[in-house]
Amino acid sequence: MVPPGRVTTYGAIARYIGSPQSARMVGWAMNGSHTQQEYVPAHRVINRIGMLTGKHHFRGSRVMQELLESEGIEVEEDCVVHFRTLFWDPNTELI
DNA sequence: ATAGTGACGGCGG
DNA sequence: ACCGCCGCCACTA
């Protein structure tokens, strides 16, 4: 549900599904996302400080960054620029 | 069965 | 601000 051009975090998703301590499991779930039929924008999920910690799980190590940049998100040193303002929190956006 | 390993994050020192 | 610890839990060796 994360809109294009926005990003969210593993922890935020974990909180939203009622399992705030299971951020790691969200990352684990992102693995399976590649083989799902429904489109899952896993590249929009980053860690709480705005880093692209999951980039190695894409076909190429640059794919995650390229996908984000194609949506107008600036990435510098594996870090999303203006992360704070681009942050999309399901806990406050999805009432 | 058991120990180690994470696309994480909160907390204490 | 920077560690290190640990809760979390599926998976692997």
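Computed from heavy atoms alone, side chains included, the values below leave out hydrogens, waters and symmetry copies. Just so it is clear: chains get the letters A, B, ... in the order the sequence lines come, proteins before strands, and each one is counted from 1. From a predicted model like this one, the values you see are computed outputs, not experimental measurements.
The CG atom of N47(A) sits 8.5 Å away from the CG atom of L52(A) when rounded to the nearest 0.5 Å.
Within 4.0 Å of H43(A), counting heavy atoms only, lies no atom of the nucleic acid at all. Note on S19(A): nothing from the nucleic acid sits closer than 4.0 angstrom, heavy atoms only.
Whole-Å rounding puts the R59(A) CZ to dA7(B) P distance at 20 Å. Here dG10(B) presents its P atom at 11 Å from CG of N47(A), a figure rounded to the nearest Å. The distance from atom CD1 of I17(A) to atom P of dG9(B) is 13 Å, rounded to the nearest whole Å. Going from atom CZ of R48(A) over to atom C1' of dA1(C) covers 12 Å, rounded to whole Å. As a whole-Å value, the separation of W28(A) CH2 from dG6(B) C1' is 13 Å. Atom NE2 in H57(A) sits about 15 Å away from atom P in dC11(C), given to the nearest Å. Distance L67(A) CG to dA7(B) C1': 15 Å, rounded to the nearest Å. As rounded to whole Å, 11 Å separates atom C1' of dA7(B) from atom CD1 of I13(A).
Which of dG7(C), dA7(B), dC9(C) sits closest to the side chain of N31(A) comes down to dA7(B). The Y10(A) side chain lies nearest to dA7(B) when the options are dA10(C), dG7(C), dA7(B). Taking the side chain of A42(A) as heavy atoms from C-beta on, and the options dC8(C), dA7(B), dC11(C), the nearest nucleotide is dA7(B). When distances run from any side-chain atom of S22(A) to the nucleotides dA7(B), dC9(C), dG9(B), the shortest one goes to dC9(C). Set against dA7(B), dG7(C), dG10(B), the side chain of R24(A) has dG7(C) as its closest nucleotide.
D89(A) has its side chain within reach of F87(A): a pair of non-hydrogen atoms, C-beta onward, lies under 4.5 Å apart. The shortest distance between side-chain heavy atoms of V75(A) and V81(A) does not fall below 4.5 Å.
When both pairing distances are held under 3.5 Å, dC8(C) makes no Watson-Crick or G-U pair with any nucleotide shown.
At the phosphate of dG9(B), neither OP1 nor OP2 sits under 4.0 Å from any side-chain N or O atom of R15(A). In terms of phosphate contacts, T53(A) brings a side-chain nitrogen or oxygen within less than 4.0 Å of OP1 or OP2 of dC8(B).
The same atom, C1', is picked in dA7(B) and in dC2(C); the two are 23 Å apart, to the nearest Å.
Using a cut-off of 4.0 Å between Lys/Arg side-chain N and Asp/Glu carboxylate O, E71(A) and R6(A) are scored as not salt-bridged.
Ring-base stacking between H56(A) and dA7(B) is not satisfied when judged by a centre separation under 5.5 Å and a plane angle under 30°.
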Could you pull out every donor-acceptor pair under 3.5 Å between side chains of residues 9-20 of chain A and any protein atom, sequence neighbours left out?
unit_1: T9(A); atom_1: OG1; unit_2: A12(A); atom_2: N; d: 3.0
unit_1: Y10(A); atom_1: OH; unit_2: V45(A); atom_2: O; d: 3.4
unit_1: S19(A); atom_1: OG; unit_2: S22(A); atom_2: OG; d: 2.8

